[in-house]
Amino acid sequence: MDLQTRIENNAIVVSISGRLDAVTAPEYEKSIRELIESGHIHIVVDFEQLDYISSAGLRGLLLMAKLLNAKGGRACLANVKGNVQSVFDMCGFNAVFKMGNSVAEALTMLI
Amino acid sequence: MIKIEHLSKNYGDLVVLKDITIEIKTGEVVTIIGPSGTGKSTLLRCLNLLEYPSGGSIYINGVDILDKKVDVAKIRQKMNMVFQSFNLFSHLSVLENLTIGPIKLKGMSKQAAQTKALELLRLVGLAEKTDSFPDELSGGQQQRVAIARCLAMEPEIILFDEPTSALDPTMIREVLSVIHRLAREGMTMAIVTHEMDFARDVSNRVLYMDEGIIYEEGPPEQIFEHPKEEKTRAFIQRIRSYTCRISSPDYDLYAMNAEIEVFCEKQILPKKTRNNLLLLVEELLQIYTPYLPTIVLDLTIAYAEKSERLKIVCESSGEAANPLDSDNLSDDDLGLTIIKNLTERIDYQWLNGKNRLQFLLKTNQP
């Protein structure tokens, strides 16, 4: 997994590529925790380059939502598709997160 | 007609047949199937005394053919054999190949032997090839001549040792249809074959051989539709499997994934199926992780080529407990939800002192 961040429209866009699984989820959780603790409480997670997600990755996303709730922040997901979309469908995650078809759309949903 | 009791055959330390006991009755067509190198051909060759058994008895119509006083040539006349590689006399014409045995061994007149040979060549559809030599015939034609030659000796039983395995697919049918015809006419036959559809159609009884024993036997419906034994099932359904043993929570998920990917590539599984399989395996391992400091998990992925289905079997040591029971699950049930979505069937059993969880992967995921 590779994780890149950039600031856009007063939010932080986190682009993940590769796999979000039992091996990489702890690393994702650590990075997200650090971002939130440093004051970034409006987050768009871009899944454009994410090929694979398992329940461990989903737990990482839930942790992010929980940490943001506690700080009054929010997160939107962008470009959820393919295998990742299938796993989201299985676990009902479409109802848990707001999702945009692009980063730009997800950014508008944060407001 | 033939009774084999406790037959064994070994070459030095190599045990090829162990304690084979079977009976073949007059008019029966028995096919012998199983993986290569499991003793099928050796069993036939022992019956015909081309190989001398290391132990046990073979009775033909009540006569012990392993008795030193028995006339082996006479036995072979009663029980003739058709080989994989035809074994025709290349310097003799088709007609001569058929007449030499009856003339030399049975004392038949040349005229009578030729009349009989023509009749048999008509039976196998080669009456117009009487003057041809074996190398002028196709493989399928040569094998049909070999069958006719075998019939010329008026055997009571014919042993077929993989009669079509040296033939092109186009020629297999012509040979099998001749054997079919003999079966309809009531000829007693024992046939070693890899042609499963043929074995199913022609046999009264099927013997599945593995590791030098008759592992399972029964009517074709049983062996091909409802095999009782696991190895028979694996053979019939052409199951390929991959097993890995996990005995520590620090297992290398990516190394395992790489091996599973190689396995999937070998079976030419679609990418979607591979992804679902990898996801299922990861979710299963996550559920087993809390137990891994104290148990050993054997995870097997079995692909049935015939039905194109993937089965995942988790066998674990430890106390009898289903790791998927909600009481045994840690955290949430996200992993279990994914597992249930990816599979169409989950079975738990406490079997032979092990917890056995079996999953059938769904074929078409949305």
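Below, chain A is the first sequence line, B the second, and so on; all start at residue 1.
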Near [X] [atom1], under 6.0 Å, is it more than 12 heavy atoms from other residues, nucleotides or ligands?
X: A:R33; atom1: CZ; answer: no
X: B:E319; atom1: CD; answer: no
X: A:N10; atom1: CG; answer: no
X: A:K81; atom1: NZ; answer: yes
X: B:D347; atom1: CG; answer: yes
X: B:L14; atom1: CG; answer: yes
X: B:R173; atom1: CZ; answer: no
X: A:R6; atom1: CZ; answer: yes

Spacing of CG belonging to A:D89 relative to CG belonging to B:N341, to within rounding of 0.5 Å: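 Atom-to-atom, A:D89:CG and B:N341:CG are 9.0 Å apart.
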
Measuring from atom OG of A:S86 to atom CG of B:N275, what distance do you get when rounded to the nearest 0.5 angstrom?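 A:S86 atom OG to B:N275 atom CG measures 9.0 Å (nearest 0.5 Å).
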
A:S55 and B:E282, any side-chain heavy atoms less than 4.5 Å apart: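 They are not in side-chain contact.
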
Taking C-beta and beyond as the side chain, do B:I338 and A:S54 meet within less than 4.5 Å on heavy atoms?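 No, too far: nothing below the 4.5 Å cut-off.
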
[X] versus [Y], closest heavy-atom pair with distance:
X: B:T337; Y: A:M90; value: CG2-O, 3.4 Å
X: B:K272; Y: A:N83; value: NZ-OD1, 3.7 Å
X: B:G335; Y: A:R59; value: N-NH2, 3.9 Å

Is chain A contacted by the side chain of B:D252, its backbone, both, or neither, given a heavy-atom distance below 4.5 Å?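 Neither part; nothing is under 4.5 Å.
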
At a heavy-atom separation under 4.5 Å, does B:L279 approach chain A through its side chain, its backbone, both, or neither?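 B:L279 touches chain A through backbone and side-chain heavy atoms alike.
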
Any side-chain donor near an acceptor of the partner, B:Y254 and A:D21, under 3.5 Å: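 B:Y254 vs A:D21: donor-acceptor pair found between side chains.
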
Checking A:F93 against B:L334 for the side chain to side chain contact (heavy atoms under 4.5 Å, CB included) test, could you report, in this order, the C-alpha distance in whole Å, the side-chain angles of both residues, the deciding distance, and whether it holds? CA-CA 10 Å; A:F93 260 49; B:L334 279 176; 3.9 Å; yes

Taking side chain as everything from C-beta outward and backbone as N, CA, C, O, which of these in A:L62 sits under 4.5 Å from a heavy atom of chain B? Side chain, backbone, both or neither.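 For A:L62, the contact with chain B is made by the side chain alone.
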
